[in-house]
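Numbering of ligands and ligand atoms starts at 1, following listing order.
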Amino acid sequence: MQLLPGLYVVGGSLMGLTGSQVKGPFDECNVYALDLGSEIVLIDAGVGDSWPQILEIMNQWGLGSRKISTVLITHPHYDHAQGAHFLQKIGIKLIAHKYTAEVMAKADERCCGFLYHREFTPVSVDCILEDNQQFSVGQLAVQSIYLPGHTLGCTGFLVSWMGRRLLFSGDVIGTLGYGHFGWNGSIDFDKKLYLQSLLKLLKIDFDVMLPGHGLGTYKNPRERVEVSVNEALMTWR
Ligand SMILES: [Zn+2]
């Protein structure tokens with residue numbers, strides 16, 4: 001479905017688009033598509049099995065004829081990154097933070113394939129990011145923001161789009177539609193770093209938050225960050 005001019009969500013179980021909505025929000029993450037005109041950038045790769053459906057959805061929005069050049073991966077969990085090996089095979093470049101890249105190459109339990117009773121397929125990321133890095137995809141300038149906690153690879157991607165600053169926030173905040181945090185069961189979950197990441201996010205100026213699961217926030221996304229910070233400060237002792 002279209003979210004803003006040139007911005008679409010083309011996959012996601014909680015959105016009712018791909019995977020199983022009944023099995024739950026984590027069956028497949030939101031897969032976003034940014035239409036740059038000459039090329040398309042995806043945010044997160046999903047689980048891979050849904051790729052035919054994702055392509056069908058993209059065709060419905062008239063995106064099918066354009067080349068998908070790149071996918072930005074927010075973190076190495078199975079529901080966000082398992083599709084990456086498949087996307088790379090069809091010529092799509094993978095970009096991720098160095099920790100996420102290391103985990104995806106090792107394909108170990110930090111990918112959480114065990115939650116899905118599946119093995120993560122190892123893949124070598126094409127472009128590896130440092131903690132906070134400015135880079136470009138075609139005409140699009142992207143700022144990566146390292147936000148470890150939910151996993152140690154969590155990275156947000158900030159872009160300017162039609163006069164607004166969009167943050168693709170992965171599973172850092174409110175993956176079920178409101179404040180709160182991402183899932184806390186990952187083997188590399190880290191509360192201390194998570195709280196630091198939430199406090200860091202409070203200082204970042206953005207207008208629209210597009211999380212890894214569930215609905216985005218187009219008005220005052222800071223409120224969602226504040227709710228999460230408050231909850232962390234009250235309960236993480
Ligand atoms: Zn996750």
Exercise for review: With rounding to the nearest 0.5 Å, note down the distance linking OG1 in Thr121 to NE2 in His85.
Suggested key: 4.0 Å

Practice item. Below 2.8 Å of the Zn ion (ligand 1), tally up the protein N/O/S atoms for me. Key: 4

Practice item. Give the intermediate values and the outcome of side-chain contact (heavy atoms from CB on, under 4.5 Å) for residues Phe157 and Val41. Key: CA-CA 12 Å; Phe157 298 104; Val41 178; over 6 Å; no

Practice item. Specify whether His150 and Tyr194 have parallel, tilted or perpendicular ring planes, treating 30° as the upper limit for parallel and 60° as the lower limit for perpendicular. Key: perpendicular

Practice item. Measure the acute angle between the ring planes of Tyr116 and Tyr78, then classify it against the limits of 30° and 60° as parallel, tilted or perpendicular. Key: parallel

**Study point:** Sub-4.5 Å side-chain heavy-atom contact between Ser186 and Cys112
**Key:** yes

Practice item. Measure the spacing between CD1 of Ile145 and CG of Leu167 and express it to the nearest 0.5 Å. Key: 5.5 Å

